[in-house]
J.: 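Would you mind keeping the following structure in view while I ask a few things?
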Amino acid sequence: MKHKKHSYGGEFHHKHSLGQNFIEDETLLEQLADLSLVTKDDCVLEIGPGFGALTKPLARRAKQVVSLEIDETLFPILNVALERFDNAHVVQGDVMKTDLHALAEASFGEGCSLRVAANLPYYITTDVLTKLLMTLPEAKSIAVMIQKEVGDKLLSQPGDEGYGPLAIMCQYFCEVRRALDVPAACFTPPPKVDSSFMVLERRKDKPYAVADEALLMRLIRGAFAMRRKTLINNLIACFPMDRLQAAAAMEAAGLDAQCRAEALSIGQLCSLCEQIGRLLPAI
Ligand code: SAM
């Protein structure tokens, strides 16, 4: 726990357990808000406003901002920081326990142009990204500060070390790019790792759409569940099918019987998903 005298008076105790590594550099914060693609037409859901440092440049660009913060002790500071921003509101809650779709709809109304922006708490990066992708399809973009090596993972390709369910999920739903690398020294207190600001833009037309996206997510998780095993063994373990049925689905998808999930492109996984979907009702 680090103690810091913040500009609103008093002492704030940074909670390492909540990933409280804040950004104070105004130039960097303006740059991050620009990279978040937010315009006057957009409503922004921010996760973890901290002292409101990123909330302010977001609010200057957006129609409206709602920031979800778990730590109640930040609220007196946030109230002062944001008092001049009529279009910025802070809601207390845990992002992992909050219905984000309901929050966005209650805050901004139905059919708003929604974007997500955040300097994420790193201890829940994967869970938050998964939740945003799966439960907030209306978000046009997700701009997030994450650990640099998780950023590498998001961009990884078949055969790369980090290639797995998170990369596939992100790349299936979104166009993913690294907008900026941010060294650890830019945060207070500095974390042990460098960071990247990643921008995920929701695809309007997916190159490999499948009929049943929930089945694709189940397949992706199952296919990578035991990395040392071949795909066929993972399929048998995660779906109610025997070896012959799994082999038939793989063959129909044009896959080698001995292949491993880590070698498969998203297109190949989508083909396999369609074949399993055809098979499953019969099993
Ligand atoms: N946005 C600020 C900045 O850039 O300086 C703070 C970013 S800090 C990396 C992460 C923020 O997320 C903290 O304010 C922390 O309290 C908050 N947070 C941590 N866990 C959370 C959770 N489960 N739900 C909502 N907010 C959370």
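Every number for a ligand or one of its atoms is a count from 1 in the order of the listing. The shown structure was predicted, so the numbers you read here are calculated from the model rather than taken from an experiment. By convention here, the first residue in the shown sequence is residue 1.
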J.: Before accepting this row, confirm whether a basic side-chain N of the pair E201/R177 lies closer than 4.0 Å to the acidic partner's carboxylate O.
T.: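 Here E201 pairs with R177 in a salt bridge, since their nearest N and O are under 4.0 Å apart.
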J.: Going by side chain to side chain contact (heavy atoms under 4.5 Å, CB included), name the residues that satisfy it together with E26, two or more places apart in sequence or in a different chain.
T.: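 Partners of E26 under the side chain to side chain contact (heavy atoms under 4.5 Å, CB included) test: none.
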J.: Between E30 and R61, is there a salt bridge with N-O shorter than 4.0 Å?
T.: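 Salt bridge present between R61 and E30.
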J.: Between side-chain atoms of residues 256-263 and protein atoms elsewhere (two or more places apart, or another chain), which donor-acceptor pairs fall under 3.5 Å?
T.:
residue, atom, partner, partner atom, Å
D256, OD1, Q258, N, 2.8
R260, NH1, R228, O, 2.3
R260, NH1, K229, O, 3.4

J.: Taking non-hydrogen atoms within less than 4.0 Å of ligand 1, which protein residues qualify?
T.: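 Correct list: L18, G19, Q20, N21, F22, I23, E46, G48, P49, G50, L68, E69, I70, D71, L74, G93, D94, V95, N119, L120, P121, Y123, I124.
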J.: Donor-acceptor pairs under 3.5 Å, side chain of residues 143-152 to any protein atom, not counting sequence neighbours: which ones?
T.:
residue, atom, partner, partner atom, Å
D152, OD1, R178, NH1, 3.3
D152, OD1, R178, NH2, 2.6

J.: Mind checking whether H14 and F22 have parallel, tilted or perpendicular rings, split at 30° and 60°?
T.: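 Correct class here is tilted.
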